[in-house]
Amino acid sequence: MTGAASGIGAAVVERFLAEGARVIAVDVAGQAADRPEVLAITGDVADAATWRRIADVARAEFGRLDVLHSNASVVVRAPAHEMAEDDWDRQLAVNLTATYLGVKACLGLLRENRGAVVLSSSVHALVGIPLHPAYAAAKGGLVSLGRQLAVEYGPEVRVNTVLPGPILTPAWDGIGEEDRRRSAAATAAARFGRPDEVAAAVTFLACEESSYVTGACLVVDGGWTAVKDSA
Ligand SMILES: NC(=O)c1ccc[n+]([C@@H]2O[C@H](COP(=O)([O-])OP(=O)(O)OC[C@H]3O[C@@H](n4cnc5c(N)ncnc54)[C@H](O)[C@@H]3O)[C@@H](O)[C@H]2O)c1
């Protein structure tokens with residue numbers, strides 16, 4: 001699982017552990033010391049070498065890989081005409097290309113045990129929100145990529161995508177109080193989501209409970225995309 005050091009990723013690690021899984025926790029940022037059932041890898045998911053390391057560790061330490069959760073993400077806010085090309089490239093690399101690299105490196109292992117892939121997209125895949133052109137393009141790409149991979153690698157491997165709405169994580173740290181309040185108020189649930197609420201959806205898609213679900217998108221947004229405030 002990637003992006004494991006923070007927010008939704010950290011909640012998924014805890015939930016997977018509670019389900020009795022052993023976890024390879026990958027993040028570009030340093031992480032807490034290994035617990036016996038957690039193997040922490042510090043690495044950049046946009047680098048194919050990181051994924052080769054993950055696959056090697058999964059085989060050497062666990063002898064298997066049942067679930068790949070591609071969740072790491074970066075966002076740079078700017079309109080397209082003001083976005084630096086490097087920022088565009090980096091967001092596409094981390095938010096989209098990393099999933100291709102991950103599947104490429106881990107497919108053999110996933111096929112051996114009829115594994116599951118879960119991708120973390122976003123409601124940005126469904127609606128336009130100012131200042132997020134590269135992020136939205138990458139998250140929209142993940143929806144198509146998830147569907148494509150499900151077709152390509154079924155029946156051995158299931159692939160599904162979660163689309164979170166506003167979930168209170170460190171990703172919101174730089175966002176002002178008024179914008180936060182507006183985002184929470186724009187949901188039918190009238191609040192931010194919690195990382196563990198996304199982790200529950202990821203766990204469902206990762207486990208046998210969802211054995212007939214593949215190529216699907218699960219929106220976890222408190223009704224954010226359902227609400228249309230016409231005022
Ligand atoms: N929080 C939200 O409101 C929200 C909404 C929609 C979608 N999402 C998606 O959910 C996922 C998790 O979001 P979050 O809010 O927990 O984010 P977060 O910023 O709290 O955590 C992201 C983690 O990814 C890691 N990371 C960044 N670049 C990396 C790289 N190149 N290699 C490895 N690790 C890297 C970061 O170090 C960080 O630990 C992301 O894919 C995000 O786009 C979040």
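Every number for a ligand or one of its atoms is a count from 1 in the order of the listing.
Legend: ring-ring contact (aromatic ring centres under 6.0 Å, His included) pairs involving residues 70-104, not counting sequence neighbours: none detected. Residue pairs that meet the ring-ring contact (aromatic ring centres under 6.0 Å, His included) test with at least one member in residues 176-229, sequence neighbours left out, are Trp172-Phe192.
The protein residues lying under 4.0 angstrom from ligand 1, judged by non-hydrogen atoms, are Gly3, Ala5, Ser6, Gly7, Ile8, Asp27, Val28, Ala29, Gly43, Asp44, Val45, Asn71, Ala72, Ser73, Val74, Arg90, Val94, Ser120, Ser121, Ser122, Tyr135, Lys139, Pro164, Gly165, Pro166, Ile167, Thr169, Pro170, Ala171, Trp172.
Evaluated for a side-chain contact (heavy atoms from CB on, under 4.5 Å) with Val157, the options Val117, Leu68, Asn113 yield exactly one hit, Val117.
Remark: Asp179 engages Arg182 in a salt bridge (Lys or Arg N to Asp or Glu O under 4.0 Å) (not counting sequence neighbours).
To the nearest 0.5 Å, atom OG1 of residue Thr99 and atom CG of residue Leu142 are 5.0 Å apart.
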- Working for salt bridge (Lys or Arg N to Asp or Glu O under 4.0 Å), residues Arg53 and Asp47: CA-CA 10 Å; Arg53 201 164 134 222; Asp47 181 350; over 6 Å; no
